[in-house]
Amino acid sequence: MGERQYLKKIGGVAAALMCVWIGTHQEWMVSAAESTTVKMMIWKPYCSEEEFHHVSEKINERLMDQLQLKVEISAVDSGKEELMKYLIDNPDADIIYMGDFEEALNEKLLMPLDDLIESHGKDILSILPERYLEYGRRDGKLYGLPPKIEMAAAWGVLMRTDLLEKYEIDAEEIQTWEDVEEVLETVTANEPDIYGIVAELPVILNNEIAVIEEKNKKLEAVNYFETDDFREWAERMYEWGKKGYLYDLDNYHYGSGPARKLLYELMREGKLFSYIVRYKPGIADQESKNYGIHMTKVQITPAVISSRYYQEWGIYAGSAHPEEAMEILNFLYKDKEINNLFCWGIEGEHYLKNEEGRLIPPEKEPEMPYFFNRNWMMPNGYSADAWEGDLPDLWREVEAFDAKAEYAPDFGFWFDTAKVQADIERCQNIIEAYLSGFICGKFDPDEMIPRMLSELENAGIDRIIEEMQMQLDIWQSEKTKNEHDGN
């Protein structure tokens, strides 16, 4: 950090606030006392570094005005390695965003938040439903705070509205993967210059490896890649690939992070009709803004609430400013203006407001000049203003979506991976190596599934499943006993 300068009072008038930009960080100078700098790590936004730093200046103006605090924001690539590298370089880090909460716990990166949230985060307690906080508890202590977003997860497809209308396809009649296939057949037959769909594996796995099934009231941990569900999906992708429905260049797996940029490029250039997404209320509006192309959403799988909610905000165990860090987190949950800054940028530069108070691009530009595109990551991105054409009551839609969802049979179960972490990492590497080939429809399931299963067996997947089953049995037994005692 650069050196701090201070203004003295002149004639009894409080000194004005001044700021200077040094390198890529900000230094603020205040009159009465030295302000505290809180270090905050987030995942990189999709806008340029310079544009984000420009918005960060306004973020700090807001924090200084409301909390007399400032924040030094470091934007890093997603993933455990990048988080660990950041913490090595910043042993005095404060606020961290975790893409995998379990890994952060296993690495003992997190500070318990119970006392801090009572003293400096009470707004969070009134904003987040109590059940949301259960995701971040271990052994009775709170370590993580989830973003206020949907709890339930489903899978669906986003499709270009103009092509649906062109071929008179009623989106409400698309309810199964077989229905999706019929649509792809129509569109690709008539639009030979565009790809039909970018695929994805439409399931959320425990540690990217297992599913937990309920059989005769007993929970069983199962290697997902030896299930009939996986084979059926792989066979479908193989057939779609042979029929020319899939984007299949370079074994592309868009997932998240930097890989999504190619997906966005394909849409903006008009080279893609649709792609599989994790379905949620507002997803079509969210993605439509990314391309300037109207998209239609179709839900295929039922919504389910599970315990595999990896993303959480936390305070680093080595934080030198935990109270101030919690103050800033609390503010991020409750303040609309700072969420507008993070999510949409600066009013007058990156967006305007219409007569109804809805956001519109400056000069009706087709692309957003500030492309943060991490709204789902923010503690309370739903508190930011809505755009013209968006759902006016998006949070109510989310609550209704969650209310209709079913709870997974293992809701509340967390797998302690400590004993099999090396096995998990080996298996995850194998799965990732094969998955892109299946997603792009290049792998014949009859040939490649047995090969993958053999490699997973050699890598220790049976030990992982055995350990998970043992923990499941203990958890289910304790849950049954607590329910009995409670009655």
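Small disclaimer: the values here were computed from a predicted structure and weren't measured. Position 1 is the first residue of the sequence, and the numbers go up from there.
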For residues [X] and [Y], determine if any side-chain heavy atom of one lies less than 4.5 Å from a side-chain heavy atom of the other.
{"X": "L109", "Y": "Y143", "result": "no"}
{"X": "K280", "Y": "I149", "result": "no"}
{"X": "F230", "Y": "V203", "result": "no"}
{"X": "R62", "Y": "D335", "result": "yes"}
{"X": "W414", "Y": "L105", "result": "no"}

Restricting to non-hydrogen atoms, name the atom on W233 and the atom on P202 that form the minimum distance, rounded to 0.1 Å.
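For W233 and P202, the tightest heavy-atom pair comes out as NE1-CD, 3.2 Å.
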
If you compare all heavy atoms of A93 against all heavy atoms of K39, which two are closest, and at what distance to 0.1 Å?
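Looking at all heavy atoms of both residues, the shortest contact is CA-CB, 4.1 Å.
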
Sidechain-backbone polar pair: D402 side chain, M151 backbone, donor-acceptor under 3.5 Å:
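Yes: the side chain of D402 pairs with the backbone of M151.
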
Main-chain N/O of G196 paired to S274 side chain as donor or acceptor, under 3.5 Å:
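Flag set: sc S274 to bb G196 pair under 3.5 Å.
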
What residues form a side-chain contact (heavy atoms from CB on, under 4.5 Å) with [X], not counting sequence neighbours?
{"X": "E355", "result": "none"}
{"X": "E447", "result": "D444, R451"}
{"X": "N375", "result": "C343, W344, F372"}

Students often mix this up, so state it plainly: with edges at 30° and 60°, are the rings of W177 and W240 parallel, tilted or perpendicular?
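If you compare the ring of W177 with that of W240, the planes turn out perpendicular.
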
Look at the rings of F415 and F413 and say which category their plane angle falls in: under 30° parallel, 30 to 60° tilted, over 60° perpendicular.
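Parallel, since the angle between the ring planes stays under 30°.
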
What salt bridge (charged side-chain N to carboxylate O under 4.0 Å, His left out) pairs are there with at least one residue in residues 182-196, not counting sequence neighbours?
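Qualifying pairs, neighbours excluded: K166-E191.
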
Nearest 0.5 Å, what's the [atom1]-[atom2] distance between [X] and [Y]?
{"X": "I305", "Y": "K404", "atom1": "CD1", "atom2": "NZ", "result": "13.0 Å"}
{"X": "W155", "Y": "E200", "atom1": "CH2", "atom2": "CD", "result": "5.0 Å"}
{"X": "L110", "Y": "I315", "atom1": "CG", "atom2": "CD1", "result": "9.5 Å"}
{"X": "D410", "Y": "W475", "atom1": "CG", "atom2": "CH2", "result": "6.5 Å"}
{"X": "I360", "Y": "K353", "atom1": "CD1", "atom2": "NZ", "result": "11.5 Å"}
{"X": "K148", "Y": "Y132", "atom1": "NZ", "atom2": "OH", "result": "8.0 Å"}

Just jot down the side chain to side chain donor-acceptor pair (under 3.5 Å) partners of K297, sequence neighbours excluded, or say none.
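Partners of K297 by the side chain to side chain donor-acceptor pair (under 3.5 Å) criterion come out as none, since no residue qualifies.
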
Geometric cation-pi criterion, R374 with F52: 6.0 Å, 45°:
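Judged by the rule (NZ or CZ under 6.0 Å from the ring centre, within 45° of its axis), R374 is not positioned above F52.
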
Atom [atom1] of [X] with >12 non-hydrogen neighbours under 6.0 angstrom:
{"X": "E406", "atom1": "CD", "result": "no"}
{"X": "D228", "atom1": "CG", "result": "no"}
{"X": "K85", "atom1": "NZ", "result": "no"}

Salt bridge or not for E130 and R137, using N-O below 4.0 Å?
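Yes.
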
Less than 4.0 Å between a side-chain N and a carboxylate O, is that true for E102 and K80?
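Answer for the salt bridge query: no.
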
For T176 and D179: C-alpha separation, side-chain torsions, deciding distance, then whether side chain to side chain donor-acceptor pair (under 3.5 Å) applies.
CA-CA 5 Å; T176 67; D179 296 336; 3.2 Å; yes

Side chain to side chain donor-acceptor pair (under 3.5 Å) for E213 and Y224? Distances and angles first, verdict last.
CA-CA 10 Å; E213 301 175 348; Y224 174 73; over 6 Å; no

Go through the steps to decide whether E347 and N340 satisfy the test side chain to side chain contact (heavy atoms under 4.5 Å, CB included), and finish with yes or no.
CA-CA 9 Å; E347 183 176 359; N340 276 341; over 6 Å; no

In a check of ring-ring contact (aromatic ring centres under 6.0 Å, His included) between Y97 and each of Y316, W313, Y86, which one passes?
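The passing option is W313.
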
Picking from L158, L266, V157, what satisfies side-chain contact (heavy atoms from CB on, under 4.5 Å) with Y275?
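Answer after filtering L158, L266, V157: L158.
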
With salt bridge (Lys or Arg N to Asp or Glu O under 4.0 Å) as the test, would you mind laying out the steps for E239 and R236 before giving the verdict?
CA-CA 5 Å; E239 289 301 311; R236 178 178 290 116; over 6 Å; no

Are Y46 and Y264 an aromatic pair, judged by ring center distance below 6.0 Å?
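When the ring centroids of Y264 and Y46 are compared, they turn out to be within the sub-6.0 Å range.
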
Not counting sequence neighbours, which residues clear salt bridge (Lys or Arg N to Asp or Glu O under 4.0 Å) with E172? List them please.
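Not a single residue meets the salt bridge (Lys or Arg N to Asp or Glu O under 4.0 Å) criterion with E172.
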
